[in-house]
Amino acid sequence: MAPSQAEPTPVETAPATETIAAPLLAWYAQAGRTLPWRDIDDPYRIWVSEIMLQQTRVDTVLNYYDRFLEQFPTLSALAEATEDQVLAAWAGLGFYRRARNLHRAAKTMISEHQGQVPSDPEALQTLPGIGRYTVGAILSSAHNARLPIVDGNVIRVLSRVFHLAGDPSRSAMQKELWRLAEAILPGDRPGDFNQALMDLGATVCHPVNPRCDTCPLQSLCLANKLGDPEDFPHPTRKTKVVFQQRAALYIRDRDGRMLLTRRPDAGLLASMWELPAVDLQDGEDPAAAVTTLLPSAKRARKIEPIGTVEHRFSHRHWTVHVFAAENPVASSPLDNDQRRWVHPDDLHEIGLPTATWKAVRLGLKLLDAEQRPGESPG
DNA sequence: AAGACGGGGGG
DNA sequence: CCCCCAGTCTT
């Protein structure tokens with residue numbers, strides 16, 4: 001019913017929390033996405049999906065999820081795998097600590113939680129890599145527990161629907177978001193509701209150009225009423241990017257194997273394999289620095305630059321000067337935990353982070369170029 | 001409270 | 001090139 005003309009224009013008021021669920025669930029029933037971790041009840045598989053999805057888009061996860069579960073079909077299988085196997089399966093997904101935490105948590109679930117993903121929220125959140133969001137996501141999805149979730153999608157939807165001007169990085173705003181996420185959660189089907197909220201954020205309530213015309217919450221959304229949805233949420237501050245020059249060595253033995261070294265077990269790309277490399281000081285000559293990477297102090301004949309690769313992390317930008325060399329040593333023994341010689345055909349067993357792949361590809365291209373001439377067929 | 005931690009898709 | 005994502009943990 002339209003307000004009387006005589007009355008003053010009412011100040012827009014926030015929608016009642018209980019008005020959200022019905023239209024959202026109705027929309028979800030016909031517009032929700034079909035995903036491999038939907039409509040399943042195996043907490044293990046749901047857990048794996050939620051860890052992969054942390055700060056990672058659905059489309060990216062889809063390239064890993066089935067393969068990972070094929071390799072580690074059960075909680076026991078994951079717990080019994082080696083950390084290197086898990087890291088190899090994770091290679092390219094990023095945030096590698098997720099993989100190590102996943103593996104560690106699996107072992108703990110086997111040893112201290114009767115071989116199950118705990119269904120108790122407090123117990124679950126004790127495990128490494130599982131915070132409040134992931135607890136809510138796993139348990140609401142696997143057991144229909146009435147637990148809220150607040151992720152990037154929910155922050156966007158709620159800050160718009162309720163016109164919340166606060167900075168989501170501040171604890172006061174966080175508290176308000178969790179309070180609202182809990183308040184709008186229906187007693188019935190909280191699992192579907194949480195999934196619906198995220199689908200809405202991902203497919204309709206976009207950061208820019210939100211599709212308000214198709215949104216099931218349009219009529220009650222304050223930002224839509226006031227015409228400023230793109231002003232929400234409060235913009236996040238961006239971290240400053242550090243630029244780093246590096247020199248890397250693609251050294252090949254007589255069997256065509258390349259030397260790989262393992263990164264430190266903490267920090268960036270922890271425990272992942274890469275070509276031997278050094279960080280360069282400002283203005284340092286890469287060609288000079290790279291000679292320190294040779295496995296033998298013997299004269300290195302023929303070190304040649306084969307190109308440069310760029311790799312951008314969220315907070316760091318690498319420029320890697322790649323050099324190629326032949327192993328001055330007759331054979332290439334000495335595989336151990338920190339360095340190993342690997343044939344190109346065996347790289348899949350290790351799993352390389354993307355930054356390493358870019359450098360390795362230069363070396364492989366070199367190999368191709370040497371063989372392609374075909375002037376010496378036999 | 002702020003920063004570390006990967007990578008990729010889209011404007 | 002910039003933004004930012006189905007976050008968690010550390011300092």
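By convention in this document, chain letters (A, B, ...) are assigned in the order of the sequence lines, proteins followed by strands, and residues within each chain are numbered from 1.
- A:Arg104 comes within contact range of no nucleotide atom at all, as no heavy-atom separation falls under 4.0 Å.
- Checked against side chain to side chain donor-acceptor pair (under 3.5 Å), A:Tyr250 has no partners two or more places apart in sequence or in another chain.
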(request) Take nucleotides 4-11 of chain B nucleotide by nucleotide from the 5' end and write B, S or -, depending on whether a protein heavy atom sits under 4.0 Å from the base, only from the sugar-phosphate, or from neither. (result) SBBBBB--
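- Counting distance only, with no hydrogens placed and no angle test, the side-chain atoms of A:Arg170 and the base atoms of B:dA2 include no donor-acceptor pair under 3.5 Å.
- In this structure, A:Trp37 reaches the bases: a heavy-atom distance under 4.0 Å links it to at least one base atom across the strands shown.
- In this structure, A:Leu53 and A:Thr126 both approach DNA chain C, and ranking their closest nucleotides by distance from the 5' end singles out A:Leu53.
- Remark: A:Arg45 is not positioned above the aromatic ring of A:Trp37, lacking an NZ or CZ atom under 6.0 angstrom from the ring centre and at most 45 degrees off the axis.
- An OP1 or OP2 oxygen of C:dC5 is reached within less than 4.0 angstrom by a side-chain nitrogen or oxygen of A:Arg156.
- Note on A:Ile46: nothing from the nucleic acid sits closer than 4.0 angstrom, heavy atoms only.
- Residue contacts shown for A:Ser49 are absent, as no nucleic acid heavy atom lies under 4.0 Å away.
- For the pair A:Arg312 and A:Trp318, the cation does not sit on the ring face, since its NZ or CZ is not both under 6.0 Å from the ring centre and inside 45° of the axis.
- Base engagement by A:Val58 is indicated by at least one non-hydrogen atom pair under 4.0 Å involving a base atom.
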